[in-house]
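The shown structure was predicted, so the numbers you read here are calculated from the model rather than taken from an experiment.
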Amino acid sequence: MATDTLKSTPGASGASGIRRLLLDNGALTALIVLVIAMSALSGDFLTTDNLLNVGVQAAVTAILAFGVTFVIVSAGIDLSVGSVAALSATVLAWSATQHGVPVFLAVVLAIATGIAAGLVNGFLIAYGKLPPFIATLAMLSVARGLSLVISQGSPIAFPDSVSHLGDTLGGWLPVPVLVMIVMGLIAAFILGRTYIGRSMYAIGGNEEAARLSGLRVSKQKLAIYALSGVFAAAAGIVLASRLSSAQPQAADGYELDAIAAVVIGGASLAGGTGKASGTLIGALILAVLRNGLNLLSVSAFWQQVVIGVVIALAVLLDTVRRKAGATPASGTGGGNKGKQATTYALAAVVTIAIVGATSFLHNDSSTTSKPKLGLSLSTLNNPFYVQLKSGAQAEAKKLGLDLTVTDAQNDASQQANQLQNFTSSSYGAIIVNPVDSDAASNSVKAADKAKIPVIAVDRAVNKAAVDTLVASDNVVGGELAAKTIGEKLGGTGKIVILQGQAGTSAARERAEGFAKGLKAYPGIQVVAQQPADFDRTKGLDVMSNLLQAHPDVQGVIAANDEMALGAIKALGSKAGKSVSVVGFDGTPDGLTAVKQGTLYASVAQQPSQLGRIAVDNALRAAQGKKVETTVKVPVKVVTKENVAGFTG
C-alpha cells in the first residue's frame with residue numbers, strides 16, 4: 001500500500017523540501033506527532049500491550065473505512081455501514097446458534113447479507129436516482145431495524161469457532177490486527193490494480209466524462225456499494241468476535257468514524273482521490289487519539305470535541321495542499337514508490353528515536369504512590385450513572401485513590417477498548433458497569449489473566465469471573481414497581497410499559513421483573529409495551545403516541561426515571577391525578593417529581609451508594625484482602641410519604 005502523494009507543479013518548484021514532505025504526507029505526519037505526544041504525556045502509552053491495543057481498537061473502524069473508501073473515491077457516501085455490520089453479525093449468530101446452520105454457511109450468509117445491503121444501496125442510487133446520502137440513510141435505519149427484529153433486541157451468542165477471530169495468535173498477536181492488514185491489502189489491490197478500482201477514480205473525477213468514455217457507470221456503482229457491504233460484513237464479524245456475541249446495537253455511529261478515517265487519510269469528499277494506506281493511517285489516528293485520551297483520563301465528551309477538531313484540520317490541510325499548487329497523484333500511479341518507501345522509512349526512524357527518548361523520561365520520573373483504579377461506566381448520559389460516578393469519586397478522594405473514569409457511551413466495543421487500556425496500564429483494580437453482561441466477558445477474562453481484580457457494579461458480567469458484584473437486583477426492583485402500580489390501582493386498570501434500550505441487560509431484567517410482579521394482579525391489563533431507550537425525549541414521544549390509541553390509560557411503568565419524566569410531560573394534567581406513573585432509579589429529577597406528586601413512585605437503587613461500595617471493594621481487592629462475592633444494595637420504593645428522608 002502507498003500513501004497519498006502529490007505531484008508538484010512547476011509553480012510549486014520553489015517550495016522547501018521539508019514543507020513539501022509535510023504537505024504531501026499530512027496524515028502520516030499527524031500520526032507521528034500524535035505517537036510522540038502521547039508517549040511523552042503518558043508512561044503507559046509506549047508498551048507492547050498498549051500498542052497492540054491500539055491496533056485492535058483501530059481494526060473494526062479501519063475495515064469499515066476501507067469499504068467506505070471505495071464509495072468516497074467514486075464521489076459517493078455510505079452512512080449504512082455500521083448498521084450493515086450489526087445486521088451481518090446478527091444473521092451469522094442467529095443462523096448458526098439458533099437454527100443449526102453450519103458455521104461456514106452462516107459466515108457465507110453474513111457476507112451475502114452485506115452484499116445484498118450494498119446492492120440495494122447501489123440500485124437506489126444508480127437506477128432510482130436517489131442521492132447517496134438519502135439511500136444509505138434509509139438503509140442505516142432498515143438494517144438496524146432488521147438486526148433488532150431478528151435478535152428480538154437481545155444479544156446472540158457467537159459461534160466459538162468464529163469467536164477465535166477476536167483472540168490472539170501465539171498469545172500476543174491479535175487476530176483482528178491481522179484481519180485488518182489483509183483487508184487493507186485487498187482494498188489497496190482493488191483500488192490500484194483492478195478495472196473496478198480505476199472506474200472508481202474515473203467516476204469520482206468526472207462522472208459524465210466517465211459515462212461518455214464508455215464506462216457503464218450504473219453497473220459500476222452497484223459493484224462499488226456491494227464491495228462496501230462486503231467490508232461492512234467483515235467488520236461486523238470481527239467486532240462480534242471480540243465481544244463473543246452479536247449485539248443488535250453494535251457499531252452504532254461507526255459510519256461516522258469510518259468516514260472520518262477516510263477523510264483524515266487524505267481522501268476528498270468531492271471524489272477522485274483516496275488511498276487504502278491513507279485510510280489505515282486515518283483509522284490509526286482515531287485509535288491513538290482515543291487510547292491516549294483514555295490513558296490521560298480525558299472525558300469522553302471532550303474526546304468527541306478533539307476528534308471533530310482533527311477532522312476539520314484534516315480537511316483544512318487538504319485545502320492548503322491544493323492551494324500550494326500540488327495535484328493529487330493518480331490512484332493507479334506507481335512512479336513514486338521508491339520515494340514513498342524512503343518517506344516511510346525516515347518516518348519510522350524519526351518516530352522510534354524520539355519515542356525512545358521519551359521512554360527514558362518516564363523511566364526516570366517518580367511514580368505516584370496512590371493506588372490506581374479504573375471505572376468504566378456504560379454511559380454518563382443518564383443521571384443514575386452520573387450519581388454513581390459522583391459516589392465513586394467522592395469515596396476515592398476520601399481514601400486518597402487515583403480513580404480514572406471512562407464513559408462507554410452505551411457502546412460495548414468502546415467499553416472493551418477502555419477495559420483493555422486499563423489492563424495494559426496495570427491498574428490496581430478495575431470497576432466495570434457493563435454495557436452488556438455478555439460482551440464484557442472477554443475483557444474481564446484478560447484482566448483476570450493479568451491478575452487485576454475486577455469489580456462489577458450495577459450489572460453482572462456473564463461467562464467471566466469477577467471478584468465482587470455490587471448491585472441492586474433489577475428483577476426484584478421490577479417486581480416492586482409492578483406491585484406499587486398494582487396496589488395504587490386497586491388491582492384493576494389499564495397500563496402501558498415504557499421499556500429500556502433494546503439489547504441492554506438492565507432493560508431485559510427490569511422487564512422480566514415487571515412481568516413477574518404483574519402476575520399477582522390479573523385485573524391489570526397491559527395495553528401497550530414500547531421501548532423508549534431510557535431517554536426522556538423518547539419517553540415523551542412514545543407516550544404521546546400511545547395516548548392517541550389508549551386515551552383511557554390509568555397507569556404507566558417506566559424502566560427508568562428519565563422515560564417516566566417524559567411520560568409525565570406527555571400526560572400533562574393527568575399525571576398524578578387520573579394516571580399514576582412509576583419510575584425506576586431514584587434520580588434527583590425523579591425524586592423532585594415525586595415530591596411534586598406528578599410521579600407517584602420511583603424504585604430507587606441508591607446509585608451513590610453503589611459507587612462508594614464498589615470503590616471500597618476495589619481497594620480491598622487490590623490490596624489482596626478478602627472481599628464478598630456479592631454485595632447487594634437494597635432497592636427502595638420512594639413515594640411522597642418517604643421522599644423527604646431519602647438521599648440516594
Residue pair [X] / [Y], side-chain donor-acceptor N/O under 3.5 Å:
| X | Y | value |
| --- | --- | --- |
| D561 | S602 | yes |
| E509 | N474 | yes |
| S151 | T90 | no |
| T379 | Q409 | no |
| Y385 | D407 | no |
| S245 | Q247 | yes |
| N53 | N291 | no |
| Q530 | Q499 | no |

More than 12 heavy atoms from other groups under 6.0 Å of [atom1] on [X]:
| X | atom1 | answer |
| --- | --- | --- |
| Q304 | CD | yes |
| K398 | NZ | no |
| N381 | CG | no |

Pair [X] + [Y]: basic N to acidic O under 4.0 Å:
| X | Y | value |
| --- | --- | --- |
| D585 | R510 | yes |
| K516 | E512 | yes |
| D589 | R536 | yes |

Which of these, V35, L280, L34, sits in a side chain to side chain contact (heavy atoms under 4.5 Å, CB included) with I285?
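Filter result, single survivor: L34.
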Note: L148 and P248 closest approach over all heavy atoms is CD2-CB, 3.6 Å
For F534 and N560, the nearest pair of non-hydrogen atoms, with its separation, is O-ND2, 3.2 Å
Report the C-alpha separation of S472 and V635 in whole Å, then their side-chain angles, then the decisive distance to 0.1 Å, and conclude whether the side chain to side chain contact (heavy atoms under 4.5 Å, CB included) test is met.
CA-CA 6 Å; S472 302; V635 293; 3.5 Å; yes
The test is salt bridge (Lys or Arg N to Asp or Glu O under 4.0 Å); show your working for D467 and R620 and say whether it passes.
CA-CA 10 Å; D467 291 73; R620 289 180 60 82; over 6 Å; no
Using a 3.5 Å distance criterion without hydrogens, assess whether the side chain of [X] forms a donor-acceptor pair with backbone atoms of [Y].
| X | Y | answer |
| --- | --- | --- |
| Q420 | S443 | no |
| S390 | V386 | yes |
| D535 | K538 | yes |
| R612 | A392 | no |
| Q387 | S608 | no |
| S241 | V162 | yes |

Evaluate the side-chain hydrogen bond (donor to acceptor under 3.5 Å, both in side chains) criterion for residues T406 and N294: first the C-alpha distance (whole Å), next the side-chain angles of each, then the deciding distance (0.1 Å), finally the verdict.
CA-CA 7 Å; T406 60; N294 280 341; 5.7 Å; no
Between V179 and L165, is the side chain to side chain contact (heavy atoms under 4.5 Å, CB included) condition met? List the steps.
CA-CA 8 Å; V179 177; L165 286 175; 4.2 Å; yes
Quick one, S88 and V84 - any side-chain contact, counting heavy atoms below 4.5 Å?
yes
Parallel, tilted or perpendicular: rings of F66 and F231 (30°, 60°):
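Perpendicular.
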Step-by-step side chain to side chain contact (heavy atoms under 4.5 Å, CB included) determination, D257 to R290:
CA-CA 12 Å; D257 277 0; R290 287 202 171 99; 3.0 Å; yes
One pair to check against side-chain hydrogen bond (donor to acceptor under 3.5 Å, both in side chains): N433 and S378. What are the steps and the verdict?
CA-CA 6 Å; N433 161 236; S378 58; 2.7 Å; yes
Dump the intermediate steps for side-chain hydrogen bond (donor to acceptor under 3.5 Å, both in side chains) on R242 and Q57, then the final yes or no.
CA-CA 10 Å; R242 285 192 65 203; Q57 292 164 22; over 6 Å; no
